[in-house]
Each structure stands twice: as C-alpha cells, then as structure tokens.
Amino acid sequence: MTATPNSIFRLRKHADYQRVYKASRKQFAKQMTYFFAQRPLLGADGTPLRDADASSPRVGLTVGKVMGKAVDRNRIKRRMREAVRKNLSKLSTPVDVILHPRRSVIDLDFATLEREVATVFRAIQKAAQRLPRAEQLPRAEQLPGDNAGSQSSATPL
C-alpha cells in the first residue's frame, strides 16, 4: 500500500494518540478542543522513529459516538480533514496534534471551520516554537503512570 501525500500527515497509531494525550493538556477553541505534543526524534529504545518525514506535523481526529450516528460522524471527519489539509502549511514544526470537534461543526459554514482550524494551528505553532525540542524521552516520561510490571490495555510502543 503506497502512502498518499495526505496520509503522511495523519496520526494513526493508538500509542501515538496516547502519547499526545499524556504529554499535553486539553486546549479549547470555539468549535473544538485540541491536544498537541512535540514529536521526539528518537523512540523509547533509542532508535529513530518510523515516520516517513520526521520534520512534518501529523494530525489526528477523534469523533466519538456521542457526536451522532455514523453518517454524521463521517461527515464531521470529512469536513475536518479538508479544513486540516488546507491549513496544514501553517504548522512547520514536528508536532502531533489531535483535534476533537464539537457537534456544531456539522452545521458550521466551511469558511468558518477553516478559519477555526487555521487559528488553532497558528496557536500550536506559536506554542511549539517556545518549547525545546526533545531528543529522546525516557519511557517513564513518555507514558507517565504506566508501571513496567503491570498489564495494560494500551498498545505497547
């Protein structure tokens, strides 16, 4: 399976979502909440990460069942993906971003949704430039609260 230009910028692995959730705090925008974390250059075992382009941002979407039926959730995701695609150039640092839209996104004018995503990406870019780039995060810092001896349902790194 070949990677399309848009698929390179998507956050896909459960472990990556968990890392972003644990490494950041929930941020609020008018139509969505978002999380972001800088991507380390090296994984927990000291090897380079498996990304196609380690200098580019990756964006993930979460749209839960509380947002409506599958048709509504898929429509929200399609609209969000297009807004992200048009504004991805505003992110130039290697960050992982998770966007969690509100239900109102389904009825929102697309131009307004694009402006909202652009505003979120500018805020993330500004905040990410202030943070120092982490070369490698020790496993204890990557997944706080995980005990090495306990079993968990999270996907191992």
Side-chain angles (χ1 to χ4, degrees), residues 5-41 43-44 49 51 53-146 152-155 157:
N6 290 336
S7 69
I8 295 170
F9 302 109
R10 289 180 61 182
L11 199 59
R12 294 184 181 270
K13 304 278 184 193
H14 177 75
D16 291 333
Y17 275 88
Q18 293 302 313
R19 182 184 53 79
V20 173
Y21 284 135
K22 294 197 189 256
S24 65
R25 293 177 45 196
K26 186 185 272 191
Q27 306 287 324
F28 297 94
K30 191 172 184 178
Q31 301 296 330
M32 65 191 75
T33 56
Y34 61 96
F35 299 83
F36 76 95
Q38 284 196 330
R39 200 165 1 155
L41 294 174
L49 292 178
D51 299 326
D53 186 5
S55 65
S56 65
R58 295 185 304 176
V59 179
L61 298 173
T62 57
V63 182
K65 288 187 177 181
V66 73
M67 301 292 267
K69 295 187 180 277
V71 172
D72 297 331
R73 294 193 308 267
N74 290 336
R75 183 163 185 223
I76 290 170
K77 286 188 280 188
R78 281 194 307 271
R79 290 170 57 92
M80 289 294 296
R81 269 191 231 115
E82 182 62 16
V84 165
R85 185 187 67 79
K86 288 187 173 188
N87 291 290
L88 197 59
S89 63
K90 291 179 176 42
L91 286 176
S92 60
T93 57
V95 293
D96 290 340
V97 179
I98 299 174
L99 300 175
H100 187 95
R102 290 183 176 41
R103 182 151 173 75
S104 60
V105 166
I106 200 166
D107 297 322
L108 193 64
D109 181 43
F110 188 73
T112 307
L113 178 60
E114 271 191 280
R115 282 193 303 272
E116 180 83 17
V117 170
T119 303
V120 167
F121 283 178
R122 278 193 296 271
I124 290 171
Q125 180 66 30
K126 187 176 179 182
Q129 287 175 342
R130 290 187 303 228
L131 296 173
R133 174 77 179 177
E135 288 293 324
Q136 177 182 4
L137 294 176
R139 185 147 182 94
E141 286 182 26
Q142 237 180 8
L143 300 171
D146 277 354
S152 68
S153 62
T155 305
L157 294 175

In Å and rounded to the nearest 0.5 Å, what is the [atom1] to [atom2] distance from [X] to [Y]?
X	Y	atom1	atom2	result
Lys13	Asp96	NZ	CG	13.0 Å
Gln129	Ser92	CD	OG	6.0 Å
Met80	Thr62	CE	OG1	9.0 Å
Leu108	Arg115	CG	CZ	8.5 Å
Ile76	Arg78	CD1	CZ	10.5 Å

Using the side chain to side chain contact (heavy atoms under 4.5 Å, CB included) rule, take Phe36 and Thr93 through it: C-alpha gap first, then chi angles, then the decisive distance, then the call.
CA-CA 11 Å; Phe36 76 95; Thr93 57; over 6 Å; no

Give me the atom names and distance for the closest heavy-atom approach of [X] to [Y].
X	Y	result
Val63	Lys77	CG2-CG, 3.6 Å
Gly60	Tyr17	CA-OH, 3.2 Å
Phe28	Arg102	CD2-NH2, 4.3 Å
Glu82	Phe110	CG-CZ, 3.6 Å
Asp72	Met67	CB-O, 4.3 Å
Asn87	Glu114	ND2-O, 3.4 Å

Determine whether [X] and [Y] make a side-chain contact, defined as any pair of heavy atoms from C-beta on separated by less than 4.5 Å.
X	Y	answer
Lys26	Phe35	yes
Pro57	Val97	no
Phe9	Val59	no
Val105	Glu116	no
Met32	Val117	yes

Among Lys22, Arg10, Arg58, which one satisfies salt bridge (charged side-chain N to carboxylate O under 4.0 Å, His left out) with Asp16?
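With Asp16 as partner, Lys22, Arg10, Arg58 yield a single salt bridge (charged side-chain N to carboxylate O under 4.0 Å, His left out), made by Arg58.
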
Donor-acceptor contact below 3.5 Å, side chain Gln31 vs main chain Leu113
no

Under 3.5 Å donor-acceptor, Gln38 side chain and Ala128 backbone:
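Flag set: sc Gln38 to bb Ala128 pair under 3.5 Å.
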
Evaluate side chain to side chain contact (heavy atoms under 4.5 Å, CB included) for Thr119 paired with Arg122, printing each intermediate quantity in order.
CA-CA 5 Å; Thr119 303; Arg122 278 193 296 271; 3.7 Å; yes

Any side-chain donor paired with an acceptor under 3.5 Å for Thr33 and His100?
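No, because no side-chain N or O of Thr33 sits under 3.5 Å from a partner of the opposite role on His100.
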
